[in-house]
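FYI, the numbering just counts along the sequence from 1. Heavy-atom basis, side chains included; hydrogens, waters and symmetry copies ignored. Ligands are counted one by one from 1 in listed order, and the atoms in each one are counted from 1 as well.
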Amino acid sequence: MKSPRSTYIPALKYHALTRYYDWVASLTTREKIFKTALVNQAAPLAGKHLLDVGCGTGTLTQMFAEREPSLTITGLDADSGALELAKTKFASMDQRVSLWQGFAQDMPFETATFDVAVSSLFFHHLTRLQKLDVLKQIHRVLKPGGSLLVADWGKPSSSIQRMLFLLVQCLDGFETTRDNVKGVLPFLIEEAGFVVVGSKDCVATPLGTIQFIQAKAHLT
Ligand SMILES: C[S@@+](CC[C@H](N)C(=O)[O-])C[C@H]1O[C@@H](n2cnc3c(N)ncnc32)[C@H](O)[C@@H]1O
């Protein structure tokens with residue numbers, strides 16, 4: 001049996017579908033709206049070092065790179081296929097955007113490296129234990145007082161939104177998405193040592209409700 005640390009759920013569950021991920025995400029998640037909101041939440045960005053956890057095909061990473069030319073960006077994802085697609089978006093920016101293949105539970109980065117960590121549509125690919133492991137890793141690699149900004153599926157804002165989210169659950173699995181539906185993610189973020197400073201805003205989409213969570217790493 002494979003260890004939980006050596007497996008992950010690809011962007012659209014099956015590797016063969018990863019090439020269609022950008023198209024599906026843009027059609028079904030109001031992607032431009034919620035990712036622009038996430039980029040806005042991270043301001044000011046000038047001169048900072050940002051980590052995109054579970055960056056996948058790099059759409060959010062690219063939006064950050066385009067927003068602030070002085071930003072240094074590191075993207076991390078377990079899936080080499082998704083990272084190959086991401087690379088094509090940074091042909092002219094590879095000086096300040098580096099993409100790493102690896103598990104977010106075992107980040108290959110020094111402690112206190114990043115000013116900001118961001119993540120979109122990633123945590124619902126993880127079991128509760130994996131979520132906590134990853135959050136502790138993010139806390140480790142963030143500088144004290146650094147920010148964590150998350151956009152992921154959250155508590156549905158209506159019963160229709162709850163029904164729509166069943167489609168995501170059928171694709172990505174019920175175990176990994178259950179905590180998102182219950183709205184537990186902000187509590188896990190606090191358990192990992194962060195202070196949650198915002199978690200009310202959300203966006204209704206054709207697949208469910210995307211919730212934003214802003215948190216700060218404790219000053220030590
Ligand atoms: C739905 S995609 C989201 C990609 C991107 N953040 C976006 O918003 O378009 C989720 C990504 O998480 C990655 N992933 C899943 N489990 C992972 C893990 N344990 N460590 C690193 N990446 C992981 C998958 O390979 C996939 O690319």
Open item on the list: Using a 4.0 Å heavy-atom cut-off, which part of C55 comes near ligand 1: side chain, backbone, both, or neither?
Closed with: backbone

Open item on the list: Could you identify the single nearest non-hydrogen protein atom to atom 16 (N) of ligand 1 and state the distance to 0.1 Å?
Closed with: Y8 CB, 3.5 Å

Open item on the list: Under a 4.0 angstrom heavy-atom cut-off, which atoms of ligand 1 come close to L126?
Closed with: 16 (N), 19 (N)

Open item on the list: Side chains of E68 and S70: any donor to acceptor distance under 3.5 Å?
Closed with: yes

- [ ] Around atom 20 (N) of ligand 1, find the nearest protein heavy atom and jot down its residue, atom name and distance.
- [x] A104 N, 3.0 Å

Open item on the list: Could you check whether any side-chain heavy atom of V203 comes within less than 4.5 Å of a side-chain heavy atom of Q211, counting everything from C-beta outward?
Closed with: no

Open item on the list: Checking the N or O distance criterion of under 3.5 Å, is ligand 1 in contact with G54?
Closed with: yes

Open item on the list: With respect to H124, determine whether any N or O atom, backbone or side chain, lies less than 3.5 Å from an N or O atom of ligand 1.
Closed with: no

Task: Which residue and heavy atom of the protein sit nearest atom 10 (C) of ligand 1, plus the separation - done: L121 O, 3.5 Å

Open item on the list: Looking only at protein heavy atoms, which one is nearest to atom 12 (O) of ligand 1, and what is the separation?
Closed with: F122 CD1, 3.4 Å

Open item on the list: Measuring from atom 24 (C) of ligand 1, which candidate in D106, D79, D77, T61 has the nearest non-hydrogen atom?
Closed with: D77

- [ ] State yes or no: are the ring centers of W153 and F123 separated by less than 6.0 Å?
- [x] no

Open item on the list: Determine whether H124 and D152 satisfy the following criterion, side chain to side chain donor-acceptor pair (under 3.5 Å), listing intermediate values before the conclusion.
Closed with: CA-CA 7 Å; H124 73 282; D152 206 333; 2.9 Å; yes

Open item on the list: I'd like to know if the side chain of D77 reaches the main chain of G56, judged simply by a donor and an acceptor atom lying under 3.5 Å from each other, with no hydrogens or angles considered.
Closed with: yes

Task: Atoms of ligand 1 close to G102 [distance to a heavy atom under 4.0 angstrom, numbered from 1] - done: 20 (N), 21 (C)

Task: Nearest option to atom 9 (O) of ligand 1, as decided by whichever heavy atom of K35, K13, M107 sits closest - done: K35

Task: Check: T57 side chain, D22 main-chain N or O, donor-acceptor pair, under 3.5 Å - done: no

TODO: Using a strict cut-off of 4.0 Å, indicate which atoms of ligand 1 neighbour a heavy atom of F103.
DONE: 19 (N), 20 (N)

- [ ] Taking T176 for its side chain and D172 for its backbone only, find out whether a donor-acceptor pair lies under 3.5 Å.
- [x] yes

Task: A78 N/O under 3.5 Å from ligand 1 N/O - done: yes

Open item on the list: Taking distance alone, with N or O pairs closer than 3.5 Å, would you say S120 contacts ligand 1?
Closed with: yes

Task: Side chains of R96 and T72, donor plus acceptor under 3.5 Å - done: no

Open item on the list: I need the nearest protein heavy-atom contact for atom 15 (C) of ligand 1: residue, atom name and distance, please.
Closed with: I9 O, 3.6 Å

Open item on the list: Between F114 and H139, is the ring centroid distance below 6.0 Å?
Closed with: no

Open item on the list: Does Y14 have more than 12 heavy atoms from other residues, nucleotides or ligands lying within 6.0 Å of its OH?
Closed with: no

Task: Proximity to ligand 1 by part of Q105, non-hydrogen separation under 4.0 Å - done: side chain

